[in-house]
Amino acid sequence: MKKQQLKNRAACAALVCAAALGANAQGYISDAASSSAVLTRDPARQASTEIDAVVTNPAGTAFLEDGLHMSVSGMFAFRNIEADNIEAPSSILKTKEKSMLPALQLAYKKKRWTVSASFASEGGFGKRNLKDGSIFCDNFFDALSGDEYFAGINDVFQENNAVVNLLGAMSGITDTGISGEDKISILSSGTDMTLYNWTTRLGVAFGINKNLSAYVGVKANYVSSTTDLDAYLGVYRPSTGEKWSYSDYSEKLTAVINSIPNIDDELKNSYKEIQEGTASLFDEAQVSPTTDVHGWGFAPIIGIDYKLEKFNFGAKYEFASRINAKGTDNFDIPAYLSAGMGWQITQKWKLAAGGNVVFPTDDNISGSYKTKTAFDVSASATWNITDKWLISGGYTYGKLHMVYPESPFPIIPTTADTHHKVSFGAAFSPTGKLQINLGMSSYIYTISYLGTTNVFINGEEQFSYKAGYKYKPRVQIALGVNYRI
């Protein structure tokens, strides 16, 4: 296979890896915890009338006190993921995911009008590092690392090996340590992937009367997905299963040269040419493609809030955002509906509940998956211990069902994903205008794969697998400051 063809295939595989990561956007775009530390400690903010309402319940900003309000937060999220091939007792994926996400919210209230804006990477995305053993990479390369993958390159490589053995025999060396069956192969692979959904919101809320408010606004999504896919090459001996890196192989050649007594310049030059030729072959075979998918999209937002003495009801609808992408076809960030209620039971206790429903589309990255259902519901409680201290906690249940058609590359099979999130944290208000928030939440996933993925290359089935993920809890820690001027 020519090097450019190999690069093209590997680049396609990297793009599908990005698509698999991007699939989360269909189900978890409503996860706005990265927008505020308050949301990290209290997940049921769909009826908020505080500064975090800029994202969760924008019509609720009409009930802020007059003046300028701001919130600055930073979230650190991390988790480890492992997957097993159900049909073979071997781990096929090891992934580390970590993110450091800043967020800013602003609102200016004057009489009935409130203008608000926010900026954050919404959806809980970030960086993933797929170690050696990645299902996304190893299965792809294993299917291509046969004769076709390195056909012309290994012909030359094995000819060089034959010359090494011939020169060694001429010098009286019966075993050079180099075999005619040795060939260049992919020893391992890995991938670094990132996905961010940078979201900017701008809108206006209007207090219709003392109980009712409405909101209209717009959001701009900038989606950026980068995939760096690496194949680590070496020398493989099929009969024994031995493997060497290029540097180790080069040392074997050097050892042969050094073991020849009274080697003349012509013979030394012949070995040197073989070493240089081998280095050139490794350079010819090396593939480390990078894909960069990014693009902009805009969508309107509408909202409504109804407030009573002890109850508050909020709702918003975010329309689908069409991303005009570079690096792949245009795709959609889906629309979703958010609604919730808050109940101030006493001066010290408050309960809240809410939910999000995503309305998925089939027009997504690479068309590699279809989201059937995606929703989550949350409940929380807040206890004002004193005038300065409060603690809160909550629980979230979510469901995501994705269907993956038969794919030309090894991505994820049809998936049913149930997630549970536990949130808790505290807030300290040293003055009436300043509040410091610390929140922590942990996702726990239950995922089942409903079918086996068959991988086809050039119309021929290469392999199939059925995977089961072991998602360790995804931990989110956020620190933020709310301030009113």
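Note: Trp198 CH2 to Phe119 CZ = 5.0 Å, rounded to the nearest 0.5 Å. Between Lys310 atom NZ and Thr346 atom OG1 the span is 8.0 Å, to the nearest 0.5 Å. Put simply, NZ on Lys243 and CG on Asp248 are 13.5 Å apart, with the number rounded to the nearest 0.5 Å. The distance from the OG1 atom of Thr382 to the CD1 atom of Ile385 is 11.0 Å, given to the nearest 0.5 Å. Going from atom OG of Ser116 over to atom CZ of Arg201 covers 9.5 Å, rounded to the nearest 0.5 Å. In this structure, CG in Leu68 is found 13.0 Å from NZ in Lys110, a value given to the nearest 0.5 Å.
A donor-acceptor pair is defined here as one N or O able to donate and one able to accept, closer than 3.5 Å; such a pair exists between the side chain of Ser48 and the backbone of Glu50. Checked by atom type and distance alone, the side chain of Thr56 pairs as donor or acceptor with a backbone atom of Arg45 at under 3.5 Å. In this structure, Lys210 contributes its side chain and Lys307 its backbone to no donor-acceptor pair below 3.5 Å. Remark: side-chain polar atoms of Ser429 are not paired, donor with acceptor, to backbone N or O of Gly432 under 3.5 angstrom. Listed for the Ser213 side chain is a donor-acceptor partner under 3.5 Å among the backbone atoms of Ala59. For the pair Thr199 (side chain) and Asn197 (backbone), a donor-acceptor distance under 3.5 Å is present.
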Item to check | Leu212 and Ile304: CA distance, side-chain angles, deciding distance, side chain to side chain contact (heavy atoms under 4.5 Å, CB included) verdict | outcome: CA-CA 8 Å; Leu212 183 65; Ile304 191 169; 3.9 Å; yes
Next on the checklist: As a quick check of understanding, evaluate side chain to side chain contact (heavy atoms under 4.5 Å, CB included) for Met75 and Ile477, giving each step before the final call.
Outcome noted: CA-CA 6 Å; Met75 172 190 279; Ile477 301 173; over 6 Å; no
Checklist entry - Given the rule in the side-chain hydrogen bond (donor to acceptor under 3.5 Å, both in side chains) test, do Ser321 and Asn221 qualify, once you have shown the distances and angles that lead to the verdict? => result CA-CA 7 Å; Ser321 178; Asn221 294 101; 3.2 Å; yes
Checklist entry - Stepwise, does the side chain to side chain contact (heavy atoms under 4.5 Å, CB included) test hold for Phe424 with Arg41? => result CA-CA 4 Å; Phe424 59 92; Arg41 64 173 172 81; 5.9 Å; no
Next on the checklist: Run Lys109 and Asp66 through salt bridge (Lys or Arg N to Asp or Glu O under 4.0 Å) and show every step you take.
Outcome noted: CA-CA 5 Å; Lys109 166 75 181 302; Asp66 281 6; 3.6 Å; yes
Next on the checklist: Between Asp376 and Thr396, is the side-chain hydrogen bond (donor to acceptor under 3.5 Å, both in side chains) condition met? List the steps.
Outcome noted: CA-CA 7 Å; Asp376 63 73; Thr396 302; 5.8 Å; no
Checklist entry - How far apart are the C-alpha atoms of Asp52 and Gln105, what are their side-chain angles, what is the distance that settles it, and do they pass the side chain to side chain contact (heavy atoms under 4.5 Å, CB included) test? => result CA-CA 7 Å; Asp52 60 280; Gln105 297 168 358; 4.1 Å; yes
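Here the side chains of Asn312 and Met341 are not in contact, with every heavy-atom distance at 4.5 Å or above. Contact annotation: the side chain of Phe359 approaches that of Tyr317 to within less than 4.5 Å [non-hydrogen atoms, C-beta and beyond]. With a 4.5 Å cut-off on side-chain heavy atoms, Lys316 and Pro58 count as touching. Side-chain contact check for Ile51 versus Met70: every heavy-atom pair is 4.5 Å or farther apart. With a 4.5 Å cut-off on side-chain heavy atoms, Trp296 and Asn324 do not count as touching. Using a 4.5 Å heavy-atom threshold, the side chains of Ser442 and Lys421 count as separate. Side-chain contact between Phe375 and Lys399 is present, with heavy atoms from C-beta onward closer than 4.5 Å. Side-chain contact between Val54 and Thr61 is present, with heavy atoms from C-beta onward closer than 4.5 Å.
In terms of heavy-atom proximity, Phe428 sits nearest to Pro430 at O-CD, 3.4 Å. Contact between Phe63 and Asp305 at its shortest, heavy atoms only, is CE1-OD1, 3.1 Å. Closest non-hydrogen pair, Thr40 versus Ser441, comes out as O-CB, 3.6 Å. Across all their heavy atoms, Ser338 and Gln46 have their closest contact at OG-CG, 3.1 Å. His69 and Gly67 make their closest contact through CD2-O, 3.4 Å (heavy atoms, listed as atom of the first residue, atom of the second, distance). Between Ala315 and Asn57, the shortest heavy-atom contact is N-OD1, 3.7 Å.
Environment of CG in Asn209: crowded, with over 12 heavy atoms of neighbouring residues, nucleotides or ligands closer than 6.0 Å. Annotation for Lys348: atom NZ counts as buried by contact number, over 12 foreign heavy atoms lying within 6.0 Å.
For an aromatic pair to be called close, the ring centres must be under 6.0 Å apart, and Tyr397 with Tyr395 fails this.
For the side-chain hydrogen bond (donor to acceptor under 3.5 Å, both in side chains) test, no residue two or more places apart in sequence or in another chain qualifies with Ser423. In this structure, the side-chain hydrogen bond (donor to acceptor under 3.5 Å, both in side chains) partners of Ser380, at least two apart in sequence or on a different chain, are Asp42.
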Show me the donor-acceptor pairs, under 3.5 Å and distance only, between side chains in residues 478-485 and residues at least two apart or in other chains.
unit_1, atom_1, unit_2, atom_2, d
Asn482, OD1, Ser71, OG, 2.8
Asn482, ND2, Gln435, OE1, 3.3
Arg484, NH2, Glu65, OE1, 3.4

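Ring geometry for Phe206 against Trp113 counts as tilted: the plane angle lies between 30° and 60°, on a 0 to 90° scale.
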